[in-house]
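Order of appearance sets the numbers: ligands from 1, and atoms from 1 within every ligand. Scope of the values below: all heavy atoms of this structure, side chains included, with no hydrogens, waters or symmetry mates.
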Amino acid sequence: MQSISYERARDVPHALQLGRDPGTKFIGGGTNLLDLYKSGIEQPLRLVDVSRLDLSGIGQLPDGALRIGATATNTAAANHPLVRERYRLLSDALLNGASAQLRNMATVGGNLLQRTRCYYFTDPTLGPCNKRTPGAGCAALDGFNRIHAILGASAHCIAVNPSDMAVALVALDAVVRIAQPGGERALPVLDFHRLPDERPQDDTVIAPGELITAIDLPPPRFTNTHYLKVRDRASYAFALVSVAAAVDFDDGVVRDARVVLGGVAHKPWRAFAAEDTLRGQALAAPVLERASEAAVEHARPLAHNGFKVELARRAIERALRTAGGMA
Ligand code: SF4
């Protein structure tokens, strides 16, 4: 094991200054990074601890939006009164993730950056992985690909993003704020994660040395929401398929909707076609059926995950039924 240095950042400018050095990784709760370090998948030369920066606050902004600091723990975010009252979808998604102990340590910034749990990525003894070693090949393509992608995959990687939180954030039109030398940028969480194409080593669009400082949630836009997670066991398991459903009704008719899938793609998958199908309609069984079919129309299942297509379809219908008070 190579040696590694550790430094605690005093403030954001100090963190950005330290983050300029190649081989530096920011560490918050460390629940994913340290696992990957111990198995040799992440090999930082220096860890810069950002967990004690003044970035853990959760509070309302003047325009009614809610800002969640990047180092707020998953537990703090899930249980915050404003999150529970106004963004129940996010609270439920967070509480569906990991275990209580992990949620107590993991930060929301780290949650956005957590890496895939593809077996071939996390266990180097199982075979080559383009995400771990670009150009090496992808053992999952012809391997056991039960948990892998049915949408948006490439010939270079078929991994899925493991976050529950990110699925809910996309449905809520959240924005991630990122500090960089010389300023800050903000982008929709929808655009934060990327599809694998020819660069599966890049999970997100964040550049080396940039630091997530906060997540902003716009004032609530949806009257009815539901997060549904389907997994192999009742807790401490990643989603086979998850759905964040958010609907805004106007006199019984869907004015606007979000349907976002987890566990099916390299990023939270916003089902735009399903949303288009719902707008202007009353939530009735035929509409739900058409919406769910539209969501998986372009699915490309692999040898071992064909079940995910039907599972996604049924999960979408059930999540929308529950959100709409039909269940
Ligand atoms: Fe690696 Fe992606 Fe292939 Fe998994 S699916 S082995 S993460 S390249």
Task: Greater than 12 external heavy atoms within 6.0 Å of R279's CZ - done: yes
Task: Exceeds 12 heavy-atom contacts within 6.0 angstrom, atom CD of E198 - done: no
- [ ] Can you establish whether the number of heavy atoms outside Y236 located under 6.0 Å from its atom OH is more than 12?
- [x] no
Task: Distance-only side-chain donor-acceptor flag, H148 / N305, under 3.5 Å - done: no
Task: Heavy-atom pair with the smallest gap, counting every atom of I316 and A295 - done: CD1-CB, 3.4 Å
Task: Distance criterion under 2.8 Å: protein N/O/S atoms around atom 2 (Fe) of ligand 1 - done: 1
Open item on the list: Are V167 and I68 connected into the same hydrophobic cluster when the rule is that any two of I, L, V, M, F, W, Y join if their side-chain heavy atoms are below 4.5 Å apart?
Closed with: yes
